[in-house]
Each structure stands twice: as structure tokens, then as C-alpha cells.
Amino acid sequence: MFGSVFFILFNLCTWGQSKVDLAIENITLKPSLPKIGDGVIISYDVKNIGTAIVPPEAYTATLSINGKVVSFDDESPKLLLQQHVTYSKAAGSYHFLVESKKKYNWQISVRLKKIKDDNSKNNSYQGSFVAK
């Protein structure tokens with residue numbers, strides 16, 4: 001009993017000293033040069049690069065294509081220090097289907113719900129590609 005109470009109090013006391021910092025890393029586009037008819041998957045990692053453990057359901061991860069949300073997670077897992085989770089699609093699935101030759105803009109964002117992120121500059125990335 002005492003050990004459990006000490007562990008909880010220790011974590012609460014050190015939480016204010018530790019900092020949460022999530023980062024988006026390892027962004028990949030498959031296929032790398034999409035053409036009409038291709039199902040496109042954008043994969044990325046959300047990594048805990050801070051000095052505090054990120055509790056479960058503490059953040060949301062969103063992927064948008066041309067302003068439309070195609071992937072959203074608000075039931076995020078606990079992330080230990082330096083741990084990451086990969087966001088992608090299951091085999092045979094895709095985020096969107098290329099229907100025409102045009103420019104596609106994508107944006108990935110991670111937002112903490114009730115905790116301040118120490119460096120929010122690495123929580124959002126955007127890019128584009130032109131389908132052939």
C-alpha cells in the first residue's frame with residue numbers, strides 16, 4: 001500500500017518538472033509518385049521525445065488531404081520516453097484514392113488534449129504531391 005502511494009505521489013511531484021514533447025517523424029508516402037487509380041497511404045510516427053511519460057488518450061493525431069480529414073485518432077496509447085507509435089493503414093486499405101491529375105495537399109497534426117507540449121513546432125507537417 002505505502003509503495004503504491006509513494007509511486008503515485010512521486011510521479012505527481014515529478015510530473016511538473018518533466019516536459020512532454022511529441023514529434024512527428026518518419027513520414028512516408030506510398031506509392032511515392034501516385035497516379036490516377038492509386039490508393040495512397042501516408043504513414044508517420046508520433047514519438048515521445050520529452051522527459052515525461054505521455055499518458056493514454058492524451059493526444060489526437062489527424063491526417064488531412066486537401067482539407068478533408070482522412071484519419072483521426074483520439075484514443076492514443078501511452079508513450080514511454082523515446083517510444084513511438086506508427087500511424088498507417090492496414091494491408092489492402094488506403095487513406096484516399098487518386099481520381100484525377102492534380103495537386104494534393106496533405107497535413108499531419110498532433111495535438112495534446114490537456115497537457116502543454118514543450119515544443120509545438122514539431123507537431124504539424126504539411127506537404128503536397130502532383131498525381132500523374
Side-chain angles (χ1 to χ4, degrees):
M1 170 78 174
F2 177 76
S4 297
V5 171
F6 176 77
F7 179 75
I8 291 168
L9 289 174
F10 176 78
N11 282 335
L12 289 174
C13 290
T14 59
W15 179 261
Q17 298 170 1
S18 300
K19 295 180 179 181
V20 171
D21 188 8
L22 294 177
I24 298 169
E25 298 181 341
N26 303 321
I27 301 168
T28 59
L29 179 71
K30 293 181 185 174
S32 58
L33 299 171
K35 58 186 182 307
I36 293 176
D38 284 343
V40 176
I41 299 171
I42 298 175
S43 301
Y44 59 96
D45 292 344
V46 174
K47 185 173 182 179
N48 179 5
I49 62 171
T51 58
I53 294 171
V54 178
E57 300 184 14
Y59 69 89
T60 61
T62 308
L63 169 62
S64 301
I65 310 278
N66 290 342
K68 179 182 175 189
V69 174
V70 296
S71 180
F72 177 78
D73 178 25
D74 68 346
E75 296 179 3
S76 55
K78 175 180 177 178
L79 290 176
L80 302 176
L81 305 181
Q82 297 302 309
Q83 186 178 19
H84 75 273
V85 62
T86 300
Y87 287 89
S88 189
K89 282 290 191 181
S93 300
Y94 51 83
H95 286 111
F96 74 101
L97 184 65
V98 176
E99 296 178 344
S100 61
K101 293 181 182 182
K102 68 178 187 178
K103 182 177 180 180
Y104 290 86
N105 300 303
W106 55 266
Q107 181 175 12
I108 300 166
S109 62
V110 174
R111 300 204 193 297
L112 285 159
K113 294 178 182 178
K114 296 179 182 179
I115 304 168
K116 183 181 183 307
D117 197 300
D118 190 48
N119 177 12
S120 60
K121 292 180 182 177
N122 56 11
N123 293 37
S124 182
Y125 284 92
Q126 56 189 14
S128 63
F129 64 90
V130 177
K132 307 243 175 194

Shared hydrophobic cluster, Tyr94 / Phe129 (ILVMFWY, side-chain heavy atoms < 4.5 Å): no

Are Ile49 and Ile53 connected in a single hydrophobic cluster, I mean Ile/Leu/Val/Met/Phe/Trp/Tyr linked by side-chain heavy atoms less than 4.5 Å apart? no

For the pair Asn48 (side chain) and Leu79 (backbone), establish whether a donor and an acceptor sit closer than 3.5 Å, ignoring hydrogens and angles. yes

Show me the donor-acceptor pairs, under 3.5 Å and distance only, between side chains in residues 69-77 and residues at least two apart or in other chains.
| residue | atom | partner | partner atom | Å |
| --- | --- | --- | --- | --- |
| Asp73 | OD1 | Glu75 | N | 2.9 |
| Asp73 | OD2 | Tyr87 | OH | 2.8 |
| Ser76 | OG | Glu57 | N | 3.4 |
| Ser76 | OG | Ala58 | N | 3.3 |
| Ser76 | OG | Tyr59 | N | 3.2 |
| Ser76 | OG | Tyr59 | O | 3.0 |

Nearest 0.5 angstrom please: [X] [atom1] to [Y] [atom2], how far?
X	Y	atom1	atom2	result
Lys68	Leu63	NZ	CG	11.5 Å
Ile65	His95	CD1	NE2	7.5 Å
Trp106	Tyr44	CH2	OH	10.5 Å
Thr86	Lys47	OG1	NZ	11.0 Å

Which residues pass the side chain to side chain contact (heavy atoms under 4.5 Å, CB included) test with Lys102, not counting sequence neighbours? Asn66, Ser100, Tyr104

Where Lys78 and Gln83 come nearest, the two heavy atoms and their spacing: O-OE1, 3.7 Å

Sequence neighbours excluded and cut-off under 3.5 Å, please list the side-chain donor-acceptor pairs for residues 21-43, or say none.
| residue | atom | partner | partner atom | Å |
| --- | --- | --- | --- | --- |
| Asn26 | ND2 | Asp45 | OD2 | 2.7 |
| Asp38 | OD2 | Lys35 | N | 2.8 |
| Ser43 | OG | Ser88 | OG | 2.7 |

